[in-house]
Amino acid sequence: MKKTTLIFSLSALFLAGVSGQALAQAAAAPAAAPTPPAPPTFGAAIPGQCVLDEQTAMTDSAMGKAAAQRLVQLKAVVDSELSTQGKSLDDERQALVTQQKTATTPALKTALETKAQAWEQKREAFQEKVDQRNKEMQYTQQEVMSAIFQKMIPQINAVVTQKGCATVISADSLLHYDMTTNTNGQPTQTSFLYANPSMNITSDVVAKLDATKELLPQFDRVSLDQPAQGAAPAQK
């Protein structure tokens, strides 16, 4: 089950009989940023019931942060590759357009048409490559997250044993409040989970995982040019 999130939006205002000057003044005045609500006062914690936000535990851990930095590096390589090829393809297109505008003989026009068809094939191949690289990055991220979660399982077990949890509820199945406001040009995130905070074991799991000092082995982008080799990202 996915997170249920409270979403706040401004409904349309239908103004009747308002002068143009009043509308202009209203448009000039910036809307006041909504004030984020304070979390509610929760009832007593349910004995033996614990809550875990797996996503937060993975991303807040030292292991998760290091993996995220590596994913950023891999994406930068992909972006550079595609940007270079895309620019070369666009330069070729612009040259063809210029040549077509000045072509005067049927033979030259035919030759340029052939070049244009060849360019279209290059464009289609480039688009396929873009799609493939996007899929490769998605698969890489999925496998990395799966690897982190597997590393996290023993720490979850240790915390569950220590806390005496009878059941562990995923935070994804609980109601969340998430709101981003802009304060002096800086985004401010307000979020809380609708569960008594004392039942939340996420920070304990992160602490346990960080205490191991363990990081994922160096990984590279999954390659779809060759068969997948188990769960580990293929080297490329």
Side-chain angles (χ1 to χ4, degrees), residues 1-3 5 50-88 125-165 167-174 176 178 180 187 189 191-193 195 197 199-236:
M1 183 182 296
K2 297 184 179 297
K3 294 180 181 177
T5 305
C50 301
V51 176
L52 174 64
D53 190 331
E54 307 99 306
Q55 182 67 39
T56 297
M58 286 190 282
T59 56
D60 285 359
S61 67
M63 182 183 293
K65 290 176 180 177
Q69 291 178 353
R70 178 58 179 162
L71 287 170
V72 169
Q73 293 173 353
L74 295 177
K75 185 177 185 302
V77 173
V78 169
D79 289 346
S80 177
E81 173 194 15
L82 297 179
S83 176
T84 299
Q85 294 185 11
K87 184 180 184 306
S88 176
F126 176 70
Q127 184 58 55
E128 290 177 358
K129 188 172 189 177
V130 171
D131 294 341
Q132 176 176 315
R133 290 291 182 265
N134 286 334
K135 288 180 181 178
E136 288 173 345
M137 287 304 303
Q138 291 174 2
Y139 291 157
T140 303
Q141 180 174 339
Q142 290 170 2
E143 294 198 356
V144 167
M145 292 179 65
S146 177
I148 295 174
F149 188 70
Q150 290 302 316
K151 296 286 187 181
M152 198 167 64
I153 289 296
Q155 317 312 324
I156 295 175
N157 293 346
V159 172
V160 166
T161 301
Q162 179 183 358
K163 296 286 186 179
C165 301
T167 58
V168 179
I169 299 175
S170 172
D172 282 351
S173 64
L174 298 175
H176 280 70
D178 293 289
T180 302
Q189 181 72 23
S191 60
F192 49 82
L193 180 67
M199 297 161 56
N200 196 323
I201 63 172
T202 304
S203 60
D204 299 286
V205 171
V206 171
K208 282 280 188 183
L209 185 58
D210 287 351
T212 67
K213 306 294 184 181
E214 186 178 5
L215 300 178
L216 290 183
Q218 182 79 346
F219 60 87
D220 291 298
R221 185 182 76 246
V222 168
S223 174
L224 297 181
D225 293 328
Q226 56 189 357
Q229 301 176 1
Q235 302 292 316
K236 181 176 174 67

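Because the structure is a prediction, the values reported are computed rather than measured.
For Asn200, the side-chain hydrogen bond (donor to acceptor under 3.5 Å, both in side chains) criterion is met by Thr202, not counting sequence neighbours. The side-chain hydrogen bond (donor to acceptor under 3.5 Å, both in side chains) check on Glu54 picks up Ser170, with sequence neighbours excluded. By the ring pair (Phe, Tyr, Trp, His ring centres under 6.0 Å) test, Phe192 is found to be paired with Tyr177, Tyr194, residues two or more places apart in sequence or in another chain being considered. Applying the side chain to side chain contact (heavy atoms under 4.5 Å, CB included) test to Ala67 and every residue at least two apart in sequence or in another chain returns Val144, Ile148, Leu216, Phe219. Considering only residues two or more places apart in sequence or on other chains, Gln162 meets the side chain to side chain contact (heavy atoms under 4.5 Å, CB included) condition with Lys208. Legend: residues meeting side-chain hydrogen bond (donor to acceptor under 3.5 Å, both in side chains) with Lys213, ordered by chain and number and at least two apart, are absent. Residues passing the side chain to side chain contact (heavy atoms under 4.5 Å, CB included) test with Val130 are Leu82, Phe126, Gln127, Asn134, sequence neighbours excluded.
Side-chain contact, Gln132 with Glu128: no donor N or O sits under 3.5 Å from an acceptor N or O.
Taken to the nearest 0.5 Å, the CG atom of Leu74 stands 7.0 Å off from the OG1 atom of Thr140. Rounding to the nearest 0.5 Å places CG of Leu209 at 9.0 Å from CG of Leu215. Taken to the nearest 0.5 Å, the CD atom of Gln55 stands 11.0 Å off from the CZ atom of Phe149. Taking NZ of Lys135 as the start and CG of Leu224 as the end, the distance is 7.5 Å to the nearest 0.5 Å. In this structure, CG in Leu193 is found 4.5 Å from NE2 in His176, a value given to the nearest 0.5 Å. Here the CE atom belonging to Met199 is positioned 8.0 Å from the CG atom belonging to Leu174, to the nearest 0.5 angstrom.
Annotation: salt bridge (charged side-chain N to carboxylate O under 4.0 Å, His left out) contacts involving residues 58-69, sequence neighbours excluded, are absent. Applying the side chain to side chain donor-acceptor pair (under 3.5 Å) test to residues at least two apart or on different chains, the pairs with a partner in residues 145-157 are Lys151-Glu214. Within the structure, the side chain to side chain donor-acceptor pair (under 3.5 Å) test picks out the following pairs touching residues 71-86 (sequence neighbours left out): Arg70-Gln73, Lys75-Asp79, Glu81-Lys129, Glu81-Arg133, Gln85-Lys129.
One N or O on the side chain of Asp210 and one on the backbone of Ala62 form a donor-acceptor pair closer than 3.5 Å.
Contact record, Ser191 with Asp178: CB-OD1, 3.0 Å, taken as the closest heavy-atom pair. Among all heavy-atom pairs drawn from Cys50 and Lys163, the shortest one is SG-CB, 4.5 Å.
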